[in-house]
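Shown next, in structure tokens, is the structure this report addresses.
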Amino acid sequence: MSVPRPGGPSATRRSRAADRTAPALRPVAWAGGSIRLLDQTLLPDRLADLEIHRVDDLIAAIRRLAVRGAPALGIAGAYGVALAIVQAAREGWDGSTFTAAVGRLRAARPTAVALAQGVDAAYARIDDGLDAVVAVGGALADADERANRAIGRHGADWILARLGDRPLRVLTHCNTGALATAAWGTALGIIRELHARGRVELVYVDETRPLLQGSRLTAWELAQAGIDYRVQVDGAAASAIVGGLVDVAIVGADRIAANGDVANKIGTLGVALACAHAGVPFVVAASASTIDEESAGSAAMTIEQRPDDEVLLVAGRRVAPPGARAHNPAFDVTPAGLVDALITEQGARLPASPFTR
Ligand SMILES: CSC[C@H]1O[C@H](OP(=O)(O)O)[C@H](O)[C@@H]1O
């Protein structure tokens with residue numbers, strides 16, 4: 001059920017964005033027995049919530065990216081375990097039905113480590129009751145927002161120290177803002193902090209085919225924050241970087257291997273390669289929990305493959321010959337050697353160095 005959220009896209013939240021303390025947005029919330037999700041597939045045209053009462057409806061919402069972004073998925077996963085408890089009581093599930101539903105939820109999107117982490121953290125508390133499980137989701141959200149704001153500060157400090165204390169032209173890929181997190185953003189959190197310090201001249205927003213998280217979501221968040229931007233096709237990123245239009249590229253991460261390899265939205269690797277060629281800093285922003293210490297390198301990462309039609313249809317219209325097939329990986333892996341700085345809430349981790357404050 002879609003519920004219009006007050007203060008739709010036409011309403012500006014410019015004053016909120018200028019206020020560093022106000023959450024930009026909360027895309028996932030527990031609604032006392034159900035989950036309220038901002039349906040991101042309707043943006044930028046409609047600001048409307050989904051009320052989710054069943055685990056499989058949450059899984060469907062995750063799979064169609066109504067809720068998306070690693071941290072937001074972790075919070076949704078934790079609340080999904082609470083939802084399973086409520087649904088089990090309502091429908092008389094036995095233990096195996098409950099465990100199977102939680103297992104399907106955990107596997108809904110395999111690359112983002114945060115989803116499994118959120119489900120596991122909540123499942124570990126099921127013997128303590130519903131309120132304890134719900135509290136896990138709330139704690140993840142609060143911790144994520146705190147981490148995001150610290151990432152913003154550390155990232156802005158590192159970038160301005162490296163590039164000089166001046167307004168910058170930033171490139172970003174996909175959406176890493178409040179819509180992808182608890183309330184603020186990782187890479188977009190750094191951009192928000194740079195903006196608050198008066199150090200953003202312009203943001204180049206990769207549209208991020210095929211689901212357009214950049215043009216639909218990042219552009220919307222930047223507009224809400226009063227930050228000037230240009231949407232560009234993904235294919236324009238390399239020439240913008242090599243052509244001297246970009247001072248720094250800042251992206252997010254869905255999973256980071258212990259050796260620093262970064263799994264992120266498809267197209268990120270191309271941005272990193274162009275930055276390396278042009279000598280433009282390539283900065284990854286993520287909470288420290290995104291680092292999967294158990295995965296030595298990217299070979300262990302599962303890269304989500306998505307439906308052909310996401311590539312073959314544009315606005316519901318087929319744009320390839322009948323019978324065409326597609327190659328549609330949702331993520332790629334950027335080798336650690338191409339990352340100039342990994343910014344977490346602990347500070348800047350430079351290539352082959354521990355976290356430095
Ligand atoms: C702050 S995590 C954002 C991360 O998630 C996005 O993927 P998706 O839109 O498929 O959930 C993208 O990789 C972003 O960098």
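All values derive from a computational prediction rather than experimental measurement. For ligands, and for the atoms within them, numbers begin at 1 and follow the listed sequence.
A side-chain donor-acceptor contact under 3.5 Å links N148 and T181. Side chains of N175 and R216: a donor-acceptor N/O pair is absent below 3.5 angstrom, by distance only. Side chains of T41 and D39: a donor-acceptor N/O pair is present below 3.5 angstrom, by distance only. Between Q305 and N328, the side chains place no donor N or O within less than 3.5 Å of an acceptor N or O (distance only, hydrogens not considered).
With atom 6 (C) of ligand 1 as the reference point, the heavy atom nearest to it among C174, A253, A187 is part of C174. Closest heavy-atom approach to atom 1 (C) of ligand 1 among the candidates V284, T186, T172: T186. The residue from D254, T181, T176 that puts a heavy atom closest to atom 13 (O) of ligand 1 is D254.
Looking from atom 15 (O) of ligand 1 to the surrounding protein, the closest heavy atom is N264 OD1, 2.5 Å. Atom 9 (O) of ligand 1 has R68 NE, 2.7 Å as its closest protein atom, hydrogens excluded (heavy atom only).
Contacts between R109 and ligand 1, counted as non-hydrogen atom pairs separated by less than 4.0 Å, involve the side chain only.
The pair D309-R318 does not meet the salt-bridge criterion, since no charged nitrogen lies less than 4.0 angstrom from a carboxylate oxygen. Looking at E304 and R63, a side-chain N of the basic residue comes within less than 4.0 Å of a carboxylate O on the acidic one, giving a salt bridge.
Under a 4.0 Å heavy-atom criterion, A330 is not in contact with ligand 1. Proximity of N175 to ligand 1 is established by a heavy-atom distance of less than 4.0 Å.
Close N/O approach between Q213 and ligand 1 is found [any backbone or side-chain N/O within under 3.5 Å]. Checking only distances, G69 does come within under 3.5 Å of ligand 1, N or O to N or O.
Of the options R162, R169, R199, a salt bridge (Lys or Arg N to Asp or Glu O under 4.0 Å) to D247 is made by R169 and by none of the others.
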